Amino acid sequence: MRWLVTGGLGFIGSNFVRLVLRERPGVEVVNLDAMTYAGNPANLAGVEEDGRYRFVKGDICDPAAVKEAIGNGVDAIVNFAAETHVDRSILDPEAFLRTDILGTHVLLEAVRERGIARFLQVSTDEVYGHVAEGDSSETDALHPRSPYSASKAGGDLQALAYHTTFATPVLVTRGSNTYGPYQYPEKLIPLFVTNLIDDREVPVYGDGLQIRDWIYVDDHARGILHTLERGEPGNVYNVGGGNPRTNMEITRLLVEDCGRSMETHVKHVADRPGHDRRYSVNCAKLRGLGWQPLTPFEEGIVATIAWYRANEAWWRPLKSGEFLEYYKRQYAHR
Ligand code: TYD
């Protein structure tokens, strides 16, 4: 079998590629990645030597690049390629519409034209929008509230519409907030850990009582693999950690583990516009297919902090150049 993974140099994508090469000896992986700021070859260091891995540099919005990556044919496409950071989508929405909607459309057309047996769209619980109480189920209406989540919802709906209209064999996963090794240090956990290692303040938006359901990246990657292999085309599967925490709880944990203090290192800054207060997903459907998250948060977070401590050579170069400009634009006025 040969699978095309898009965005395989990103955070969840690279963890998925490693998982597949490790645990599915009969599968070859083609990785199509545009190498944007978040697509980092160092995320797959060592994998280039694997004879079952092929890399193609290109944009999912470009049909010629998609064609080249498909080559003689693939048995499945797993679409990780996306603009993913909510704060960047507030600063500059257009890239999100392009990659997350138009890019998904280009891949769906390729799936249709080439008769590819499976297309899995990696999505997010953010498409459900803020949920005041209870859990979001796969059949719930979508209420995305940021340019990012609205773009992801656009991609999901295109995929599901292709299933309805053309019987395209699509699957959609909606994952919750993910943490672990190789996450670009703009997201809450890697940003805070790397700031704290450097003895810098961490910027908490508003009161910090927003709730996210955190899942370890390996559990998320396994959820996607499980859906690809056992899911029913035309269906959506939530992939959550079952581990709700406020941002302040996360912050306290990171501050303490890094040996800093809340008084000196936490700065409450202006809230994110349209900030969703709470996400929560019901994962009974994927659990019913035999998947479950295996890494308890207490273990995963300690391992993650240790990974960032041990891998300064990975993240230090990322916190320079473009990142510093972004950081200034995003945080200087708050
Ligand atoms: P983030 O990692 O950006 O993921 P998402 O917005 O997709 O959930 O943020 C997680 C939570 O942390 C979210 O409620 C916003 C908050 N946050 C901060 O308080 N400060 C920050 O500097 C960042 C990046 C996030």
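Predicted model only: the values in this text are computed from it and were never measured. Start at 1 and go down the list; that is how both ligands and their atoms are numbered.
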*Asks:* Return the option from Asp276, Asn195, Asn247 holding the heavy atom at the smallest distance from atom 11 (C) of ligand 1.
*Replies:*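 The option holding the nearest heavy atom is Asn247.
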
*Asks:* Report yes or no: does Tyr148 have a heavy atom closer than 4.0 Å to ligand 1?
*Replies:* no

*Asks:* Short list, please: which atoms of ligand 1 are under 4.0 Å from a heavy atom of Val86?
*Replies:*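 Contacts of ligand 1 toward Val86, numbered from 1: 6 (O), 7 (O).
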
*Asks:* Name the closest protein heavy atom to atom 20 (N) of ligand 1, giving the residue it belongs to and the distance to 0.1 Å.
*Replies:* Pro203 O, 2.7 Å

*Asks:* Can you confirm if the NZ or CZ of Arg334 lies within 45° of the ring axis of Tyr205 and under 6.0 Å from the centre of its six-membered ring?
*Replies:*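 The answer is yes, since Arg334 meets both limits relative to Tyr205.
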
*Asks:* Counting from 1, what ligand 1 atoms have a heavy atom of Lys187 closer than 4.0 Å?
*Replies:*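 What qualifies from ligand 1 is 2 (O).
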
*Asks:* Does atom CZ (Arg145) have a neighbourhood of more than 12 heavy atoms from anything else shown, all under 6.0 Å?
*Replies:* yes

*Asks:* Tell me which part of Leu191 gets within contact of ligand 1: side chain, backbone, both or neither, using heavy atoms under 4.0 Å.
*Replies:* side chain

*Asks:* Gln210 to ligand 1: N or O pair under 3.5 Å?
*Replies:*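 So ligand 1 has no N or O lying under 3.5 Å from an N or O of Gln210.
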
*Asks:* Cation-pi check for Tyr128 against Arg278: NZ or CZ below 6.0 Å from the six-membered ring centre and within 45 degrees of the axis, yes or no?
*Replies:* no

*Asks:* At a non-hydrogen distance cut-off of under 4.0 Å, which region of Asn177 contacts ligand 1 (side chain, backbone, both, or neither)?
*Replies:* side chain

*Asks:* Hey, is CD on Glu94 packed in by over 12 heavy atoms from elsewhere, all under 6.0 Å?
*Replies:* no

*Asks:* For ligand 1, which atoms sit closer than 4.0 Å to a heavy atom of His85?
*Replies:* 3 (O)

*Asks:* Taking a cutoff of less than 4.0 Å between a non-hydrogen atom of the residue and any ligand atom, is Glu186 in contact with ligand 1?
*Replies:*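 Under 4.0 Å: yes for Glu186.
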
*Asks:* Hey, what's the ring geometry for Tyr37 with Tyr184, parallel, tilted or perpendicular (30° and 60° as the breaks)?
*Replies:*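 The rings of Tyr37 and Tyr184 stand perpendicular, inter-plane angle above 60°.
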
*Asks:* What residue and heavy atom of the protein are closest to atom 25 (C) of ligand 1, and at what distance?
*Replies:* Tyr205 CE1, 3.7 Å

*Asks:* Above 12 or not: heavy atoms from other molecules or residues under 6.0 Å from CZ of Arg114?
*Replies:* yes

*Asks:* Please check if the number of heavy atoms outside Glu256 that lie under 6.0 Å from its CD is greater than 12.
*Replies:* yes

*Asks:* Among protein heavy atoms, which sits nearest to atom 2 (O) of ligand 1, and what does the distance come to when rounded to 0.1 Å?
*Replies:* Leu188 N, 2.9 Å

*Asks:* Indicate, with yes or no, if Leu228 and Val217 share a hydrophobic cluster defined by side-chain heavy-atom contacts under 4.5 Å among Ile, Leu, Val, Met, Phe, Trp and Tyr.
*Replies:* yes

*Asks:* Considering heavy atoms of the protein only, find what lies nearest to atom 22 (O) of ligand 1 and give residue, atom and distance to 0.1 Å.
*Replies:* Tyr331 OH, 2.7 Å

*Asks:* Which residue owns the protein heavy atom closest to atom 15 (C) of ligand 1, what's the atom, and how far is it?
*Replies:* His275 NE2, 3.4 Å

*Asks:* Give the numbers and elements of all ligand 1 atoms closer than 4.0 Å to a heavy atom of Val204.
*Replies:* 19 (O)

*Asks:* Can you pull out the closest protein heavy atom to atom 5 (P) of ligand 1? Residue, atom name and distance to 0.1 Å, please.
*Replies:*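 Ranking protein heavy atoms by distance from atom 5 (P) of ligand 1, first comes Glu126 OE2, 3.3 Å.
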
*Asks:* When the ring planes of Tyr53 and Phe55 are compared, do they come out parallel, tilted or perpendicular, using 30° and 60° as the limits?
*Replies:* parallel

*Asks:* Within the side chain of Asn311, is there an N or O that forms a donor-acceptor pair under 3.5 Å with the backbone of Ala313?
*Replies:* no

*Asks:* Considering only protein heavy atoms, which is closest to atom 8 (O) of ligand 1, and at what distance to one decimal place?
*Replies:* Arg212 NE, 2.7 Å

*Asks:* What is the nearest protein non-hydrogen atom to atom 3 (O) of ligand 1, stated with its residue, atom name and distance?
*Replies:*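 Checking every protein heavy atom, the shortest distance to atom 3 (O) of ligand 1 gives Arg272 NH2, 3.1 Å.
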
*Asks:* Are Arg272 and Asp87 within salt-bridge range, i.e. N to O under 4.0 Å?
*Replies:*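 Salt bridge present between Arg272 and Asp87.
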
